[in-house]
Q: 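Right, I'll just put the structure down here and ask away after.
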Amino acid sequence: MEDLVRLQELIDDSARRASPSLRASFGLPAQSLSAAQLVRRCDGVFQVVLATVTASGAPRCAPVGALFVAGRLYVPTGAGSHRARNIAERPALSMSLSDELGFALIVHGRGQIMGSSDSGFAAVEDAQYRARRTRVSDWGQGVFIAVEAESLFTYARDPAAYPQAAPVSR
């Protein structure tokens, strides 16, 4: 429950700090999902576009899987991947998701590499396994990018169409 409270505070604070243009185009806060609705909508592993920054300052984006665990976002990846190296050296990131049904998610923040010796790794890997029957550690030297969201915006054409109850599988 505390995880959803923290996530809801981030959603609310992000909506308050949003530019007038974003507030208008996303209908904030009226068309934003609650933390419970968002976690339910994004249950399991879901696809996002993750943007990182190269050493020369160029943006790089790619579709990746992501998952919410305890109200926080994680991206499973290989330790030697370009995205992991970019995050380790330059932690700024953005993520986005949109679908044809009128849902969107935008996240801006910082990433940190979470390896198998880090606290919380096992819980995130277990959530990944429940969702996809695979573990990042099965990929060789697998890690997670732990996302520290500074801004998180959601949009739903019809927020009432999204159930409030969080999934019980967490």
Side-chain angles (χ1 to χ4, degrees), residues 6-29 31-33 35 37-39 41-116 118 120-121 124-125 127-128 131-132 134-157:
R6 184 181 64 246
L7 181 57
Q8 187 63 55
E9 288 171 353
L10 175 62
I11 291 168
D12 293 343
D13 184 56
S14 297
R16 278 190 295 277
R17 292 182 289 114
S19 69
S21 175
L22 182 61
R23 289 178 63 83
S25 65
F26 267 42
L28 297 175
Q31 288 186 273
S32 184
L33 294 183
Q37 287 172 305
L38 176 61
V39 169
R41 161 57 178 83
C42 296
D43 188 31
V45 176
F46 57 97
Q47 295 296 304
V48 298
V49 175
L50 173 67
T52 62
V53 183
T54 68
S56 67
R60 290 293 180 262
C61 64
V64 297
L67 64 158
F68 273 108
V69 178
R72 295 187 186 269
L73 284 160
Y74 297 88
V75 175
T77 192
S81 69
H82 286 288
R83 72 182 58 91
R85 289 191 311 240
N86 288 346
I87 290 295
E89 295 171 18
R90 290 161 304 283
L93 61 76
S94 289
M95 300 170 77
S96 67
L97 177 157
S98 64
D99 68 24
E100 65 282 352
L101 301 175
F103 170 77
L105 171 66
I106 297 173
V107 178
H108 302 297
R110 303 177 74 69
Q112 181 174 344
I113 301 302
M114 173 191 268
S116 59
D118 290 317
F121 180 89
V124 177
E125 190 173 56
Q128 177 196 20
R132 287 281 172 92
T134 185
R135 297 180 186 279
V136 74
S137 58
D138 294 339
W139 306 348
Q141 191 177 2
V143 296
F144 290 98
I145 297 171
V147 177
E148 186 61 42
E150 296 165 359
S151 298
L152 188 150
F153 306 101
T154 66
Y155 167 81
R157 187 176 300 132

Q: Check Ser14 against Leu152 and note the closest heavy-atom contact, atom names and distance.
A: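 Where Ser14 meets Leu152 most closely, the heavy atoms are OG-N, 2.9 Å.
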Q: For Arg60, check salt bridge (Lys or Arg N to Asp or Glu O under 4.0 Å) against everything at least two apart and list the hits.
A: none
Q: Going by side-chain hydrogen bond (donor to acceptor under 3.5 Å, both in side chains), name the pairs with one or both residues in residues 95-107, residues two or more places apart or in two chains.
A: Arg41-Asp99
Q: Which residues pass the salt bridge (Lys or Arg N to Asp or Glu O under 4.0 Å) test with Arg17, sequence neighbours left out?
A: Asp13
Q: Take atom CD in Glu150; do more than 12 heavy atoms of anything else shown fall under 6.0 Å from it?
A: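 Correct, the count exceeds 12.
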Q: Within a radius of less than 6.0 Å around CD of Glu89, do more than 12 heavy atoms belonging to other residues, nucleotides or ligands occur?
A: yes
Q: To the nearest 0.5 Å, how far apart are CG in Asp43 and CG in Leu38?
A: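 If we round to the nearest 0.5 Å, Asp43:CG and Leu38:CG are 11.0 Å apart.
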Q: Arg90: which residues meet the salt bridge (Lys or Arg N to Asp or Glu O under 4.0 Å) condition with it, sequence neighbours left out?
A: none
Q: Mind listing the closest non-hydrogen atom pair of Leu28 and Ala18 along with its distance?
A: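 Smallest interatomic distance, heavy atoms only, reads CD1-CB, 3.9 Å.
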Q: Calculate, to the nearest 0.5 Å, the distance between atoms CZ and CG belonging to Phe153 and Leu33 respectively.
A: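 Rounded to the nearest 0.5 Å, the CZ-CG separation comes out at 14.0 Å.
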Q: Compare every heavy atom of Ile113 with every heavy atom of Ala88, then report the nearest pair and how far apart it is.
A: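 Looks like CB-CG1, 4.2 Å.
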Q: Who pairs with Asp138 by side-chain contact (heavy atoms from CB on, under 4.5 Å), at least two apart in sequence or on another chain?
A: Thr134, Arg135
Q: What residues form a side chain to side chain donor-acceptor pair (under 3.5 Å) with Ser56, not counting sequence neighbours?
A: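 Partners of Ser56 under the side chain to side chain donor-acceptor pair (under 3.5 Å) test: Thr54.
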Q: Report the residues that fulfil side chain to side chain donor-acceptor pair (under 3.5 Å) with Arg110, sequence neighbours left out, ordered by chain and then residue number.
A: none
Q: Side chains of Ile145 and Leu50, heavy atoms from C-beta outward: is any pair under 4.5 Å?
A: yes
Q: Excluding sequence neighbours, so at least two apart, what forms side chain to side chain donor-acceptor pair (under 3.5 Å) with Arg23?
A: none
Q: How close do Trp139 and Gln128 get, heavy atom to heavy atom, and via which atoms?
A: CZ2-NE2, 3.3 Å
Q: With sequence neighbours excluded, what pairs up with Ser19 under the side-chain contact (heavy atoms from CB on, under 4.5 Å) test?
A: Ser21, Leu22
Q: What is the minimum heavy-atom distance between Ala104 and Phe26, and which atoms define it?
A: CB-CZ, 4.0 Å
Q: Side chains of Ile106 and Tyr155: closer than 4.5 Å at any heavy-atom pair?
A: no
Q: Could you work out, with side chain to side chain donor-acceptor pair (under 3.5 Å) as the rule, every residue matching Asp118, not counting sequence neighbours?
A: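 Asp118: no side chain to side chain donor-acceptor pair (under 3.5 Å) contacts found.
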Q: Show your reasoning for whether side-chain contact (heavy atoms from CB on, under 4.5 Å) applies to Asn86 and Val53.
A: CA-CA 6 Å; Asn86 288 346; Val53 183; 6.0 Å; no
Q: So how far is it from Thr52 OG1 to Leu93 CG, rounded to the nearest 0.5 Å?
A: 8.0 Å
Q: Over all heavy atoms of both residues, which pair between Leu67 and Ala127 is shortest? Give the atoms and the distance, please.
A: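 Between these two residues, the closest heavy atoms are CD1-CB, 3.7 Å.
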Q: Please tabulate, for the side chains in residues 68-80, all donor-acceptor contacts under 3.5 angstrom to protein atoms that are two or more places apart in sequence or on a different chain.
A:
| unit_1 | atom_1 | unit_2 | atom_2 | d |
| --- | --- | --- | --- | --- |
| Arg72 | NH1 | Glu148 | OE1 | 3.2 |
| Thr77 | OG1 | Ser81 | OG | 3.0 |
| Thr77 | OG1 | Arg83 | NH1 | 3.2 |

Q: Keeping to residues at least two apart or across chains, list the salt bridge (Lys or Arg N to Asp or Glu O under 4.0 Å) pairs with something in residues 47-59.
A: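 Pairs touching residues 47-59 that pass the test: none.
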